[in-house]
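Below is one structure; the comments refer to it alone.
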Amino acid sequence: MRDLDVQARVHTRLSWDYSTSTGRLRTLTDRARAGQWDAERDIDWSVPVPFGAPLPDGSGLARASFEASPMAGRGRAMWDAFRWELQAWLVSQFLHGEQAALAVAARLVESLPTVEAKLCAATQVTDEARHVEVFARYLRENVPEPYPVNADLRSLLEDVLRDSRWDVTALGMQIMVEALAMAAFRLAGSTFHDPLIRRITALVARDEARHVSLGVVSLEEVYRELSARELAEREELVLEAAALMRRRFLLGDLWERLAVDRSAGLAYAATDPAMVMYRQTVFARVVSSLVHIGLMSPHVRQGLADLDLLRYGTVPRRLSRRPPGRSG
């Protein structure tokens, strides 16, 4: 797997104002310090992971999904193989995303405008390093063949890391990638098949909630001051990222490994009700964050709807208007 090597000009900002507050950044920093967990002490690595073993039938919706899939003709064993491979693929992509999040968090420490924000971002650096450690160990010890970074995720990470504007980097990682991952972690209880990874994702989700909140707190005031042109540019970045993430969840990597016709697999993943519901569910956290930072404009709403990523009632009407911004 070829390394991702991105050349970027990074803006460094130091502030000589060391005053503190009791605001949201301070609350997030305090929560991060209190919530630190240890990858050895808080996870029982002796829990067995029977990768590839037969699984329970699952819900009626899940079984119906399989029966309508291009895998159905290959029988029940294929259903179990698909579910284990989906878990392996998801955890592999979590690992790749967390390494990128580690790099972004370190960059935000350098670029964020206030000392208070830098201190909060520094706690995220520690969190992300721990996430890389635990996901890498889980895959190394329990998954016979982890997946390389998905091409669409790689493209998005490259865009996020290449941009010199700290707010764009934070938007791409904290709001788009991390909010999506946090939602997937919280669904792990119903989508993953062994208690070890469910324990890991529960711990990681707790951290990711703070990271998404840091992105929201850092960006909402900044975006109130941007011009209409600057806001429109960031809206396009959101829609480009959403399109890449949707395409990633069409699972092209799995179809190739499972020897399923790729075009048939992509068509199934794009239209199957269970898979559409999953994408809409994980994107709901992204939508909520976009609302709070003022980027859920009618244009973004329509773009996400066109991608079939909006669940009915996801966007509260009273919060869906973007901040006024400056003209120009």
Side-chain angles (χ1 to χ4, degrees), residues 4-19 21 23-26 28-29 32 97-129 131 153-182 207-242 244-245 286 289-290 292-296 300 322-323 325-326 328:
L4 178 58
D5 187 3
V6 179
Q7 299 294 320
R9 185 180 67 182
V10 180
H11 178 79
T12 302
R13 179 170 177 175
L14 300 182
S15 169
W16 311 125
D17 179 2
Y18 298 101
S19 59
S21 72
R24 287 181 293 171
L25 283 173
R26 176 60 182 269
L28 287 173
T29 303
E98 294 295 332
Q99 185 187 174
L102 173 62
V104 167
R107 184 179 297 182
L108 291 177
V109 172
E110 188 172 11
S111 304
L112 282 167
T114 68
V115 172
E116 193 168 39
K118 292 175 186 294
L119 295 177
C120 190
T123 67
Q124 183 178 341
V125 176
T126 303
D127 290 342
E128 303 296 7
H131 300 172
L153 176 60
R154 181 188 177 100
S155 179
L156 176 57
L157 297 179
E158 190 169 5
D159 290 343
V160 167
L161 291 168
R162 181 181 290 123
D163 205 293
S164 62
R165 297 164 294 181
W166 75 262
D167 78 279
V168 171
T169 301
L171 175 62
M173 180 56 68
Q174 310 286 96
I175 304 300
M176 301 302 296
V177 176
E178 297 248 68
L180 196 64
M182 185 188 75
D207 296 340
E208 296 295 355
R210 296 193 303 269
H211 304 167
V212 175
S213 295
L214 172 59
V216 170
V217 172
S218 300
L219 293 175
E220 58 185 353
E221 291 189 10
V222 172
Y223 287 173
R224 289 193 189 103
E225 301 300 320
L226 294 186
S227 68
R229 178 186 58 79
E230 290 169 323
L231 285 170
E233 181 180 4
R234 283 150 180 82
E235 289 174 6
E236 292 305 320
L237 292 172
V238 164
L239 292 178
E240 290 169 10
L244 286 170
M245 292 301 92
V286 177
S289 299
L290 291 172
H292 285 293
I293 64 175
L295 285 186
M296 186 53 71
V300 170
R322 71 184 185 187
R326 303 191 311 272

May I ask you to decide whether Arg165 forms a salt bridge with Glu233, counting only side-chain N to carboxylate O separations under 4.0 Å?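 Yes, this pair counts.
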Minimal non-hydrogen separation, [X] against [Y], with atom names:
X      : Y      : result
Arg210 : Leu28  : CD-O, 3.9 Å
Val212 : Ser289 : CG1-OG, 3.4 Å
Ser164 : Arg9   : CB-O, 2.9 Å
Ile175 : Gly215 : CD1-C, 4.0 Å
Tyr223 : Leu295 : CE1-CD1, 3.7 Å

Of Glu178, Met173, His211, Gln124, which is the lone residue that meets side-chain contact (heavy atoms from CB on, under 4.5 Å) with Val104?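 By the side-chain contact (heavy atoms from CB on, under 4.5 Å) criterion, Val104 pairs with just one of Glu178, Met173, His211, Gln124: Met173.
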With a 4.5 Å heavy-atom cut-off, do [X] and [Y] have their side chains touching?
X      : Y      : value
Leu219 : Trp166 : yes
Glu128 : Glu208 : yes
Val286 : Leu290 : yes
Met245 : Leu153 : yes
Leu112 : Arg13  : no
Thr123 : Leu214 : no

Is the side chain of [X] donor-acceptor paired with the backbone N or O of [Y] at a distance under 3.5 Å, no angle test?
X      : Y      : answer
Arg107 : Leu161 : yes
Thr169 : Val160 : yes
Lys118 : Leu108 : no
Ser15  : Val115 : no

Please report the interatomic distance [atom1]([X]) to [atom2]([Y]), rounded to the nearest 0.5 Å.
X      : Y      : atom1 : atom2 : result
Glu158 : Asp5   : CD    : CG    : 9.5 Å
Glu220 : His292 : CD    : NE2   : 8.5 Å
Gln174 : Ser213 : CD    : OG    : 10.0 Å
Glu98  : Asp127 : CD    : CG    : 9.5 Å
Ser218 : Leu25  : OG    : CG    : 5.5 Å
Arg154 : Leu156 : CZ    : CG    : 12.5 Å

Answer yes if the side chains of Asp17 and Ser19 hold a donor-acceptor pair under 3.5 Å, and no otherwise.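 Present: a donor and an acceptor within the cut-off.
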Using a cut-off of 6.0 Å, state whether more than 12 heavy atoms not belonging to Glu221 lie near its atom CD.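 At most 12 heavy atoms, drawn from other residues, nucleotides or ligands, come within 6.0 Å of this atom.
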For a side-chain contact (heavy atoms from CB on, under 4.5 Å) check, start with the C-alpha distance between Leu244 and Met176, then their side-chain angles and the critical distance, and finish with the verdict. CA-CA 11 Å; Leu244 286 170; Met176 301 302 296; over 6 Å; no
